[in-house]
*Asks:* 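Before we start, here is the structure in question, set down as structure tokens.
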2 protein chains.
Amino acid sequence: MTQTTPRTSPQIAPSVGFDRHDHSHCIADAVQAAEDLCAAQKLNFTPARRRVLEILLERHRAMGAYDILEILAAEGLGAQPPVAYRALDFLTSHGLAHRIERMNAYTACAHPGEDHVPAFLICRLCKAVAEAETGLEGGRLGDAARATGFVIEKVVVEAEGLCPTCAEAEA
Amino acid sequence: MTQTTPRTSPQIAPSVGFDRHDHSHCIADAVQAAEDLCAAQKLNFTPARRRVLEILLERHRAMGAYDILEILAAEGLGAQPPVAYRALDFLTSHGLAHRIERMNAYTACAHPGEDHVPAFLICRLCKAVAEAETGLEGGRLGDAARATGFVIEKVVVEAEGLCPTCAEAEA
DNA sequence: TTATGGGTTGATATAGTATAACAGTATCTG
DNA sequence: CAGATACTGTTATACTATATCAACCCATAA
Ligand SMILES: [Zn+2]
Ligand SMILES: [Zn+2]
Ligand SMILES: [Zn+2]
Ligand SMILES: [Zn+2]
């Protein structure tokens with residue numbers, strides 16, 4: 001019994017990394033990975049936390065906390081902002097989701113459990129998000145840090161532009 | 001008469017790029033550069049816009065819109081949020097200041113007039129900000145974009161950590 | 001068993017960030 | 001002068017996020 005929450009909408013999201021894929025499968029895999037990760041770390045993967053992760057996975061898009069809250073409220077899982085923010089805090093602090101600073105939005109992590117520095121490609125039209133990898137001190141940023149004696153602890157890399165689908169539609 | 005606004009506080013900011021420097025001189029230079037840029041592009045460098053740029057330059061730190069507004073209000077330049085946001089919109093849209101997404105804050109541009117992709121090094125203790133350079137499509141992010149067919153239009157790179165001074169104090 | 005403590009939830013209130021909208025004013029231009 | 005444009009003043013509102021405290025669940029230790 002790993003499916004504790006209702007599914008009120010069909011699986012509509014078309015892309016990860018902007019590629020079509022078997023999305024029901026990708027959701028199930030990611031939820032299972034989260035389940036395993038929480039079990040291993042003795043974390044409490046509660047219904048609200050699970051459901052928020054599922055919501056993010058279903059869309060494969062950057063979503064605002066209040067967008068998520070609206071869905072939770074419709075499903076009877078809570079209607080006050082802290083409900084969404086607490087679940088998002090849990091997911092982001094344990095590497096199951098990321099915050100997109102530029103959009104005040106959140107998205108499911110594509111590599112849960114792997115310690116990594118995410119870099120995002122965000123479509124300004126459809127809000128689809130792809131997660132790439134970057135290093136903490138690579139490239140010119142690392143050069144600048146070393147040159148000045150700055151100690152990098154965390155890096156945010158977010159690119160905005162057009163995904164392949166929207167770029168084509170645009171042209 | 002390029003100095004139209006009052007100076008209510010001494011020149012206290014100690015660093016740019018985390019180096020000590022002749023700060024009064026650096027402010028004057030930057031304001032003059034802004035002046036020239038606006039003249040060349042027939043932009044209206046109004047008192048409020050000039051004063052907000054000066055405020056950002058004086059601190060050499062990331063400042064919130066409401067921090068800036070507080071100073072403007074004390075100087076009789078306006079007390080409502082749009083006053084600050086309008087000036088910041090002007091400065092950011094013409095490359096005279098940047099927004100730091102991670103902090104909901106703003107900082108003066110270190111290279112006004114030069115078309116560039118800024119990357120920021122932000123001290124989590126003293127909030128000092130250094131502006132480095134990066135490319136729009138360099139490194140692994142560009143690789144990922146090309147691999148997926150994503151068209152990058154804008155990039156945000158923000159590193160958080162400790163500046164040399166705070167790192168030393170920490171140890 | 002009860003007690004205690006940690007973590008989670010429910011609910012209210014409030015803080016912090018940003019924009020919409022519209023009237024008024026100044027300036028330029030035909 | 002009329003009309004266009006741009007900036008300012010002001011009010012109201014929207015959007016994002018956190019503080020706080022009481023209630024609850026559950027594991028564990030006295
Ligand atoms: Zn998927
Ligand atoms: Zn798109
Ligand atoms: Zn300076
Ligand atoms: Zn510092």
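Chain letters run A, B, ... following the sequence lines, proteins first, then strands; residues in each count from 1. It should be emphasised that the depicted structure is a prediction, and the values quoted were computed from it without experimental measurement.
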*Asks:* Nearest-Å distance, CE (B/Met63) to P (C/dT17)?
*Replies:*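 Between P of C/dT17 and CE of B/Met63: 12 Å.
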*Asks:* Look at A/Arg140 together with B/Glu133 and state whether they make a salt bridge at an N to O cut-off of under 4.0 Å.
*Replies:*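 B/Glu133 and A/Arg140: not salt-bridged.
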*Asks:* Is it true that a side-chain atom of B/Glu158 and a backbone atom of B/Arg102 form a donor plus acceptor pair closer than 3.5 Å?
*Replies:*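 Checked: pair present.
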*Asks:* Who pairs with B/Arg99 by salt bridge (charged side-chain N to carboxylate O under 4.0 Å, His left out), at least two apart in sequence or on another chain?
*Replies:*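 Listed in chain order: B/Glu101.
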*Asks:* Atom CD1 of B/Ile68 to atom C1' of C/dT17: distance rounded to whole Å?
*Replies:*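 Rounding to the nearest Å, CD1 of B/Ile68 and C1' of C/dT17 are 13 Å apart.
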*Asks:* Nearest whole Å is fine: how far is C/dG6 P from A/Lys42 NZ?
*Replies:*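 Checked: the NZ to P distance equals 19 Å.
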*Asks:* Please determine whether a side-chain nitrogen of the Lys or Arg among B/Arg50 and B/Glu35 lies less than 4.0 Å from a carboxylate oxygen of the Asp or Glu.
*Replies:*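 Judged by the 4.0 Å cut-off on N to carboxylate O distance, B/Arg50 and B/Glu35 do form a salt bridge.
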*Asks:* Could you check how far CZ of A/Phe45 sits from P of C/dT8, rounded to whole Å?
*Replies:*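 It works out to 13 Å between those atoms.
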*Asks:* Could you list, one pair per line, each protein nitrogen or oxygen that sits under 3.5 Å from a nitrogen or oxygen of nucleotides 24-30 of chain C, together with the distance?
*Replies:*
none

*Asks:* Taking CD from B/Glu101 and P from C/dT17, how many angstroms apart are they, rounded to a whole number?
*Replies:*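 The answer, rounded to whole Å, is 14 Å.
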*Asks:* Please tell me if B/Tyr106 has a side-chain N or O lying less than 4.0 Å from either OP1 or OP2 of C/dA18.
*Replies:*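 True: B/Tyr106 side-chain N/O within range (under 4.0 Å) of C/dA18 OP1/OP2.
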*Asks:* Rounded to the nearest angstrom, tell me the gap between atom CZ in A/Arg51 and atom P in C/dT9.
*Replies:*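 Spelled out: CZ on A/Arg51 to P on C/dT9 is 16 Å.
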*Asks:* Please work out which of the three classes, parallel, tilted or perpendicular, describes the rings of B/His23 and B/His60, given edges at 30° and 60°.
*Replies:*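 Tilted.
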*Asks:* Return yes if the base of C/dA20 and the side-chain atoms of B/Tyr85 contain a donor-acceptor N/O pair under 3.5 Å, otherwise no.
*Replies:*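 Per atom types, no contact qualifies.
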*Asks:* Expressed as a whole number of angstroms, how long is the span from A/Gln41:CD to C/dG7:P?
*Replies:*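 Checked: the CD to P distance equals 15 Å.
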*Asks:* Run B/Met103 and B/Ile122 through side-chain contact (heavy atoms from CB on, under 4.5 Å) and show every step you take.
*Replies:* CA-CA 10 Å; B/Met103 308 176 74; B/Ile122 308 155; 3.4 Å; yes
*Asks:* Could you give the CG-to-P distance, from A/Asp89 to D/dT16, as a whole number of Å?
*Replies:*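 Distance check: A/Asp89 CG to D/dT16 P gives 16 Å.
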*Asks:* When you measure from the side-chain N and O atoms of B/Arg99 to the phosphate of C/dT17, is any distance below 4.0 Å, counting only OP1 and OP2?
*Replies:*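 Checking C/dT17 against B/Arg99, no side-chain N or O comes under 4.0 Å of OP1 or OP2.
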*Asks:* List every contact pair, protein side and nucleotides 7-14 of chain D side both N or O, where the distance is under 3.5 Å.
*Replies:*
unit_1: D/dC7; atom_1: OP1; unit_2: B/Arg49; atom_2: NH1; d: 3.4
unit_1: D/dC7; atom_1: O5'; unit_2: B/Arg49; atom_2: NH2; d: 3.4
unit_1: D/dT8; atom_1: OP1; unit_2: B/Thr46; atom_2: OG1; d: 3.4
unit_1: D/dG9; atom_1: N7; unit_2: B/Arg86; atom_2: NH1; d: 2.9
unit_1: D/dG9; atom_1: O6; unit_2: B/Arg86; atom_2: NH2; d: 2.5
unit_1: D/dT10; atom_1: O4; unit_2: B/Arg86; atom_2: NH2; d: 3.3

*Asks:* Output the distance between atom CD (A/Glu70) and atom CD1 (A/Ile55), rounded to the nearest 0.5 Å.
*Replies:*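 So the gap between those two atoms works out to 10.5 Å.
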*Asks:* Are B/His98 and B/Tyr106, when compared by the centres of their aromatic rings, separated by less than 6.0 Å?
*Replies:*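 No.
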*Asks:* Would B/Lys127 and B/Glu160 pass as an ion pair if we require N to O under 4.0 Å?
*Replies:*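 Looking at B/Glu160 together with B/Lys127, the answer is no, because their closest N to O distance does not fall below 4.0 Å.
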